[in-house]
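Side chains are part of it too, since the values below use all heavy atoms of this structure and drop only hydrogens, waters and symmetry mates. For ligands, and for the atoms within them, numbers begin at 1 and follow the listed sequence. Just so you know, residue 1 is the first one in the sequence shown, and it goes up from there.
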Amino acid sequence: LLKAGSVESFISEPANSYTAKYLVEYLNRKKSQASPIISHLKQDLADKSLSIRGAREHNLKNIDINIPLDKIVALIGVSGSGKSSIAKDIIYSEGQRRYLDCLSPYARQFIKELKKPDIDGIQNLKPTICVYQHTFQPGHLSTVGTMSEAYNFLRLLYSKTADQYCPDHPKEKISALSAEAIRDAVLELSDSQTRILAPIVKLKKGSHRQIFERAVRSEINEVRVDGLFVRPSDFHYDLEKNKVHSIDYVIARFNKDRIDKDMLLDATRQALALGGGTLIVHTKNSEEVLSAERTCPRCNRGFFKPDPEDLSFHSKRGACSRCHGSGLDKKGAPCPSCKGARLNTLGRHLRLADKNIYEASLLGPQDLRDFLQTLSFDSRTSKIAQSIMKELLSKLDILSKMGLDYLNLNRDCQTLSGGELQRLRLAAAMGSPLSGVLYIFDEPSAGLHPIDNLKVLEEIRELKNSGNSVIIIEHDAQSILSSEYVIEVGPGGGTEGGHIVFEGSVEAFKKDLNSISSRAMRESAALPPSRIQSEAPLLSIQNASKNNLKNINLELPLASLVVVAGVSGAGKSSLVHGVISKAIVPGKNKSLDTWEMNGTKLKSSINIDRVLLIDQKPIGLNSRSTPASYLGIWDHMRNVFASTLEAKTRGLSASYFSYNTGKGRCPDCKGLGLQKLEMSFLPDASIICDSCNGQRFTDDALLVKFKDLSVSDVLNLTLEEARALFSHHRKIHHALHNACELGLGYLTLGQSSATLSGGESQRMKLVAELSGSQRGHTLYLLDEPTTGLHKSDVARLIKTLRSLVDHNNSVIIIEHEEDIIRSADHVLELGPGAGDEGGRVIFSGSPKLLQKAKTPWGSLLKSRS
Ligand SMILES: [Zn+2]
Ligand SMILES: [Zn+2]
Ligand SMILES: [Zn+2]
């Protein structure tokens, strides 16, 4: 070692170091001409912000944006103002795109094509992790354990350190056996055509070419590939690399009656050495595995070394072959083969202390941590256990901090509420603490009770303190005020947005007079008052016991606006989705007043003609669905075009203007305006159709104009603009008016419905419902309709819900939004806690009375009024 120390000390004594000498020369040469590199570095350190120049993506108006790094920045604005364009389409997508360039084409084909954002430049971009709500939906078989990744580490821990037991003799611990004892067992099993095999590959993907090459080199004359015996030197074709294969080497072939015992011992040793301690005895009629390390002392059956795959219910190798990992039979009862454990016999017989991995995953995060800490390992395994345990405990810890201790790791994610799923997503992103990363969270408060939201905000602060930058896209006042810097995009949505209307500290934001958000937060909007009805019809529910509900009885007023509130996990979804929706929906469209389901009785004092669940699932799953077609106004608009003088003289009917089937649509892109481009390495990309230039229609069709606009121009209008244009067309205007009232005026008529967020889809469904005709008494069930809605639009949403009630319908909403709760006719609060601690009615009455109640929501409302 020649030299070590700081750069200054390094170059101050250049003697006997060539590098130091070179650096001194370099610096002297550079001194005259101020070094651009050094000044750039200095600039970089001084200016710790992510800066975007000339952003024109979507509705952004060629703006410059500076986002301070190492801070929590709230990115706010009304819906459609351009927040997502900045966070998702510029920052995240550019970060991903740069990262993608480093991947192989093979890896890239699995990742969605990312388009280059429309900007002049971006500086100080960090590696970015983005938690978007609708990009992270739980799949089939996903559990709290797999989604949080805690289960992956648990699998690792079990496969490396657990004790193995014989599935046929569950009390017998698998133990070691001497080579002589195995030789004797081989002899016992042999017949006149016996082979001893060394297992080399067991159900692993790949072409495994080197396995064959090694066999040839080691003078192995025979191998078994996926059950077939072949000569390795004859094996000229490659195995399919995307399929799983098993390969064994044949070490010896012999006749039981003609084998020398010493030669058999040699063959046994060789097979055990190659087979990692196991060998297979193959005869005409049977096949047995024997193991030097893992043998049942009772039946001599040998076992392979466990692999994490053996504990994965997502893999063919690990999953119970009867239920394929769901743990349930076709009727939804526990699978008779694995008793709900999801795994095959091998995986179920690995135990740490008294629990197999399934039993361990029936614990919640806190209980599992306690269990793991009681385990003791021998000196051989404790080193391995330690490193796995560290990651596992930190994953479990973050779940606890998010308040999810009441969910066990085996819980199916598809049964979680929006708020639980949201915290799980956040926990998964935060679980392995990184630093120097930019995190983007889309509405982290969505679905959360203010008390739960505080826990999330605490974790976000923790994340920032460990050296990361955070951007939260938010509407929630509590979250905005707890950030350190605010950027508001606006002032309106769509073409009315795309400007930066405020940027600065939270303190400055609170005082800002121009910001719509600041104003909406300061002045509480004029909310439609809740009404007290003395003789409202009632829906009574008896013995509700779904999930954590404690066999409760309750009554809810009908023809009213009812809010079901409570902390996350209190049982709101269980009551509204699991009981009310499930019990009443089967009789939908039939006028009924009593229902029964699994011992729960529901009775209504009036007939309910229809039940409608207005959820956040996407509308119109095909790429041709648009807001115009979904709202049923496009047919009317085509009629308007067909009734113009130009269309009449040319004899063009309304059907001519259909972009789905009409003669007037562009034949090349079939009315989509886009064409698919097939690329050899990358996924298909869409480009603007060059025959119609993205206009969807033929030149002939575009000649027809209504108020100077072609059909294509009209499809490019926002709902707000179209409302003004069609003010004299009653049906069109009515639907568009309702959509604008619900804060959807910034959407364009012709955009694909697939681009709508969950909240936007939900509000579109509400608009379609309002624009339709009345169909008797309808019970509307809504789950958090304020998700993604700006504070200034909440009052309008309440007005809309109120108008449903005014038309003699009933509305039951799950909500955490304070204004909605304050303006409800009736509030039902479940709780007091989550999971087992919840499931009881802790308040039922008017919002006024709620302020006096000693419940989580009661004290919150009191403290804020
Ligand atoms: Zn046994
Ligand atoms: Zn099963
Ligand atoms: Zn075209």
Item to check | Check: Ser574 main-chain N/O paired with Asn547 side-chain donor or acceptor under 3.5 Å | outcome: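 Checked: no pair found.
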Checklist entry - Counting distance only, does the side-chain N/O of Thr698 pair as donor-acceptor with the main-chain N or O of Cys666 below 3.5 Å? => result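 It does not hold such a pair.
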Next on the checklist: So, at under 2.8 Å, which protein N, O or S atoms would a careful student list around the Zn ion (ligand 1)?
Outcome noted: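 Checking every protein N, O and S atom gives Cys166 SG, His169 ND1, Cys296 SG, Cys299 SG.
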Item to check | Spacing of Leu141 atom CG and Thr146 atom OG1 [to the nearest 0.5 Å] | outcome: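 So the gap between those two atoms works out to 8.5 Å.
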Checklist entry - Hey, what do you get for OG1 (Thr278) to CZ (Phe303), rounding to the nearest 0.5 Å? => result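 Here the rounded value is 12.0 Å.
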Checklist entry - Are Asp708 and Lys705 within salt-bridge range, i.e. N to O under 4.0 Å? => result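 Result for this pair is no, no salt bridge flagged.
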Next on the checklist: Using ring centroids (six-membered ring only for Trp), state whether Phe657 and Trp634 fall under 6.0 Å.
Outcome noted: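 No, they do not, as the ring centres are separated by 6.0 Å or more.
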Item to check | Asp699, CG: over 12 other non-hydrogen atoms inside 6.0 angstrom | outcome: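 12 or below, so no.
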Checklist entry - When you look at CG of Asp168, are more than 12 heavy atoms from neighbouring residues, nucleotides or ligands closer to it than 6.0 Å? => result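 For Asp168, atom CG is crowded (more than 12 foreign heavy atoms under 6.0 Å).
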Next on the checklist: Between Phe726 and Phe706, does the ring-ring contact (aromatic ring centres under 6.0 Å, His included) criterion hold? Intermediate values first, please.
Outcome noted: CA-CA 10 Å; Phe726 292 95; Phe706 168 68; 5.3 Å; yes
Next on the checklist: Using a strict cut-off of 2.8 Å, how many protein N/O/S atoms surround the Zn ion (ligand 2)?
Outcome noted: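 Number of qualifying protein atoms: 4.
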Next on the checklist: Contact between Lys546 and His577 at the side-chain level, heavy atoms closer than 4.5 Å - yes or no?
Outcome noted: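 Side-chain contact under 4.5 Å: no.
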Checklist entry - If you stand at the Zn ion (ligand 3) and look out to SG of Cys669 and SG of Cys666, what angle do those two lines make, to 10°? => result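 The SG/SG angle about the Zn ion (ligand 3) sits at 100°.
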Next on the checklist: Only to 10 degrees, please: what angle do the SG atom of Cys692 and the SG atom of Cys689 make about the Zn ion (ligand 3)?
Outcome noted: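 Taking the Zn ion (ligand 3) as the apex, I get 100° for this pair.
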